[in-house]
Participant: 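So that we are looking at the same thing, I have put the structure below in structure tokens.
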Amino acid sequence: MERDVIIACDFKSKAELMEFLKPFKGLNPYIKIGMEMYYKEGPELVRELKRDGFKIFLDLKLHDIPNTVKAAMAKIGELGVDITNVHAEGGIEMMKAAKEGLNSTEAGKNTKLIAVTILTSINDEILHNELGIKEDLHVNDVVRKYALNAKEAGLDGVVCSALEAPIIKEIGFMSVTPGIRLLGDDVNDQKRVATPALAKENGSTYIVVGRSITKADNPVDAYNRCLKEFR
Ligand code: C5P
């Protein structure tokens with residue numbers, strides 16, 4: 001599996017996204033399109049970016065009953081994106097249904113399906129006080145359990161923080177890790193963060209970097225710094 005840096009393109013409009021991508025022409029980076037952009041611009045934007053040669057992680061984090069997720073994934077499959085995802089909290093049956101949905105389309109057979117374990121904005125305190133997880137269980141334990149479920153369901157990997165990447169490596173699975181910050185950058189709303197260098201040391205397969213690149217004075221430089229530290 002090729003290790004790579006994925007740029008989280010969280011912009012308000014297609015115009016802003018296209019402006020941001022201009023200096024990246026020729027570098028053809030892996031980009032992540034999330035809910036905000038997808039709900040505004042729809043599948044046509046994804047088709048256009050694929051035609052332009054970008055590798056795409058479509059981050060829509062599906063979480064519903066198996067039948068609904070399967071039908072939605074059949075639509076996503078037609079887009080031929082490189083990676084897409086569901087929430088592991090939907091359970092094994094839902095994850096299996098998601099894979100079936102993707103596999104029901106020709107293009108979707110090549111799409112990697114990964115499961116979000118615990119969001120990087122969640123920590124032990126939230127897990128216990130808000131989400132009702134027993135006090136003797138920690139983020140690490142839940143991430144491991146969800147990753148094992150995703151593996152059992154036949155998925156390709158998980159989303160977790162780089163701090164949990166060693167657990168994923170240990171079970172022989174792929175990890176896509178957001179919550180990455182270059183040294184000195186603002187942590188913002190993330191709670192479990194790591195630098196690209198630490199993510200590499202911990203065995204992440206892909207790192208997802210948003211604001212450390214998109215809000216940098218020189219985004220191409222920041223992207224290249226991430227690549228250099230991570231590869
Ligand atoms: O700007 P920043 O680097 O924090 O962006 C991280 C990106 O990764 C966001 O698009 C966010 O939705 C996404 N993400 C995350 N934690 C997860 C899954 C996805 O931060 N567990």
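Atoms within each ligand, like the ligands themselves, are counted from 1 in listed order.
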Participant: Would you check if Val208 and Ile180 make a side-chain contact, meaning some heavy-atom pair closer than 4.5 Å?
Facilitator: no

Participant: Tell me, which protein residue and heavy-atom name are nearest atom 17 (C) of ligand 1, and how many Å apart are they?
Facilitator: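 For atom 17 (C) of ligand 1, the nearest protein heavy atom is Pro178 CG, 3.5 Å.
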
Participant: Which of the listed options, Lys215, Arg181, Lys32, holds the heavy atom that is closest to atom 7 (C) of ligand 1?
Facilitator: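 Of the listed residues, Lys32 has the closest heavy atom.
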
Participant: May I ask whether Asn188 places a heavy atom under 4.0 Å from ligand 1?
Facilitator: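 Asn188 does not count as a contact of ligand 1 under the 4.0 Å cut-off.
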
Participant: Would Gln190 and Thr120 count as a side chain to side chain donor-acceptor pair (under 3.5 Å) if you check the C-alpha gap in whole Å, the side-chain angles of each, and the deciding distance to 0.1 Å?
Facilitator: CA-CA 6 Å; Gln190 298 283 21; Thr120 40; 2.8 Å; yes

Participant: For Lys169, I'd like to know if atom NZ has over 12 heavy atoms of other residues, nucleotides or ligands within 6.0 Å.
Facilitator: no

Participant: Lys50 and side chain to side chain contact (heavy atoms under 4.5 Å, CB included): which single residue from Leu45, Leu79, Asp82 fits?
Facilitator: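 The single option meeting the side chain to side chain contact (heavy atoms under 4.5 Å, CB included) with Lys50 is Asp82.
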
Participant: Quick test: of every protein heavy atom, which one is nearest to atom 16 (N) of ligand 1, and how far off is it to 0.1 Å?
Facilitator: Thr120 OG1, 2.7 Å

Participant: Would you mind running through ligand 1 and noting each atom that sits below 4.0 Å from a heavy atom of Asp10?
Facilitator: 9 (C), 10 (O)

Participant: Please work out whether any backbone atom (N, CA, C, O) or any side-chain heavy atom from C-beta onward of Leu119 is under 4.0 Å from ligand 1, and answer side chain, backbone, both or neither.
Facilitator: both

Participant: Please work out which of Gln190, Met37, Met35, His87 has its closest non-hydrogen atom nearest to atom 20 (O) of ligand 1.
Facilitator: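 When every heavy atom of Gln190, Met37, Met35, His87 is considered, Gln190 comes closest to atom 20 (O) of ligand 1.
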
Participant: Given Arg192, Arg211, Lys61, Lys191, identify the one with the heavy atom nearest to atom 19 (C) of ligand 1.
Facilitator: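 Closest candidate by heavy-atom distance is Lys61.
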
Participant: Can you tell me how far the CZ atom of Phe20 sits from the CD1 atom of Ile31, to the nearest 0.5 Å?
Facilitator: 9.0 Å

Participant: Look at the side chain of Arg192 and the backbone N and O of Leu119, then say whether any donor-acceptor pair between them is shorter than 3.5 Å.
Facilitator: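 Flag set: sc Arg192 to bb Leu119 pair under 3.5 Å.
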
